[in-house]
Amino acid sequence: MAGLPKYAFFEGKIVPFSEANVSIATHALHYGTGAFGGLRGYWNADKEELYIFRPIDHFTRLLGSSKMLRMNLTYTPAQLVDILTELLRTEDMRQDCYIRPLIYKSTPTIGVRLHDLEDQLAMFALPFGQYLEKEEGLHVTISSWRRIDDNAIPARGKITGAYINSALIVSDAKAAGFDDALVLNEDGHIAEAAAANFFIVRDGVAITPPITANILEGITRRTVIQLLREELNVQVVERNIDRTELYICDEAFSCGTGYQVAAVTRVDYRNIGNGVMGPLTSRLRDLYFDVVRGRKPRYASWLVPVHHPVQEPIH
Ligand code: PMP
């Protein structure tokens with residue numbers, strides 16, 4: 001990590017980052033028994049404010065993922081937001097950043113299981129810019145790996161062990177010279193990108209796989225669906241996407257907290273549309289950046305300000 005955080009939330013309190021360490025016998029390290037999140041904070045220079053994007057939604061998903069792993073932490077999403085804002089203030093974060101919450105089976109022990117183990121919450125944040133080099137035009141391949149199936153490993157949650165799947169997909173794609181890969185589910189339909197959800201545009205309609213297609217239930221996906229409908233008047237259809245639709249669609253993009261809204265302009269050496277970012281993707285991207293940076297009052301409820309918290313009215 002370039003530039004380590006100064007602090008972390010670890011075992012119930014904020015501590016110097018160098019003190020937030022676990023034993024090599026930690027259960028989650030061996031068996032992938034953790035659930036994590038990935039959030040962004042966006043700095044608005046005019047308002048001198050850091051906005052966390054949709055933290056309640058991210059923490060609700062995190063707690064859902066932890067439930068799938070039989071974890072019993074008693075935090076509410078709102079309490080997790082409080083911990084995060086305190087951490088970011090302690091860190092004095094005044095730039096774009098990435099936030100990583102992690103709930104993990106912390107007992108130092110041997111034995112594959114989910115029950116009779118302690119759980120712990122950890123959180124840290126670090127300065128962060130673009131995750132992808134080429135957000136404006138990705139050349140992707142179709143991975144020879146298949147997306148994890150929900151009957152084997154929970155696909156709709158962010159489970160640490162499941163990310164071996166994404167890691168295989170992304171490293172093989174990069175080794176073959178591509179920027180990223182799309183991955184098919186066991187049905188043979190396009191599920192998503194290595195670590196982002198996926199949309200195509202055909203005849204003015206935006207199409208994305210349904211949440212029952214072994215995709216991660218992305219917060220950005222949900223955001224994009226709403227923005228397309230409410231702000232850009234675009235019809236959005238959630239249905240399976242066939243592989244050959246990529247060859248004839250007009251536009252395609254991947255979206256996620258890390259990827260933001262990234263245009264997919266080539267697939268396996270074939271151009272998507274004209275081989276450059278399409279007009280709808282471009283408008284959506286601009287809109288997305290306005291929303292996350294706090295320039296669209298209509299969506300202010302998605303943002304939690306860190307440094308100048310909104311005061312609750314006194315009754
Ligand atoms: N799919 C996968 C596999 C991911 O890792 C991510 C990133 N969290 C996404 C989709 C997008 O999810 P979100 O928009 O909530 O970041």
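What you see is a predicted model; the values in this text were computed from it and never measured. Side chains included, hydrogens not; waters and symmetry mates left out as well; all remaining heavy atoms used. Numbering of ligands and ligand atoms starts at 1, following listing order.
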Could you check atom 14 (O) of ligand 1 against the protein and tell me its nearest heavy-atom contact, residue, atom and distance included?
-> Thr220 OG1, 2.5 Å
Partner of Asp179 under salt bridge (charged side-chain N to carboxylate O under 4.0 Å, His left out), picked from Lys134, Arg266, Lys174, is Lys134
Relative to ligand 1, is Ala194 under 4.0 angstrom through side chain, backbone, both or neither, heavy atoms considered?
-> backbone
Heavy-atom proximity to atom 2 (C) of ligand 1, picking from Cys255, Ala195, Gly258, points to Ala195
Strictly under 4.0 Å, does any heavy atom of Arg222 approach an atom of ligand 1?
-> no
When you look for heavy atoms under 4.0 Å from ligand 1, do you find them on the side chain of Arg61, its backbone, both, or neither?
-> side chain
Quick one: does ligand 1 sit under 4.0 Å from the side chain of Leu216, the backbone, both or neither, non-hydrogen atoms only?
-> side chain
Check whether any heavy atom of Tyr163 sits under 4.0 Å from an atom of ligand 1.
-> yes
In the hydrophobic clustering that connects Ile, Leu, Val, Met, Phe, Trp and Tyr at side-chain heavy-atom distances below 4.5 Å, which members other than Phe178 occupy its cluster, ordered by chain and number?
-> Tyr269
For ligand 1, which atoms, with element, lie under 4.0 Å from some heavy atom of Thr257?
-> 13 (P), 14 (O), 16 (O)
Relative to each other, are the rings of Trp302 and Phe53 parallel, tilted or perpendicular (30° and 60° limits)?
-> perpendicular
Could you see which bit of Ala196 sits under 4.0 Å from ligand 1, with heavy atoms only: side chain, backbone, both or neither?
-> backbone
Atom 1 (N) of ligand 1 sits nearest the protein heavy atom Glu192 OE1, 3.1 Å
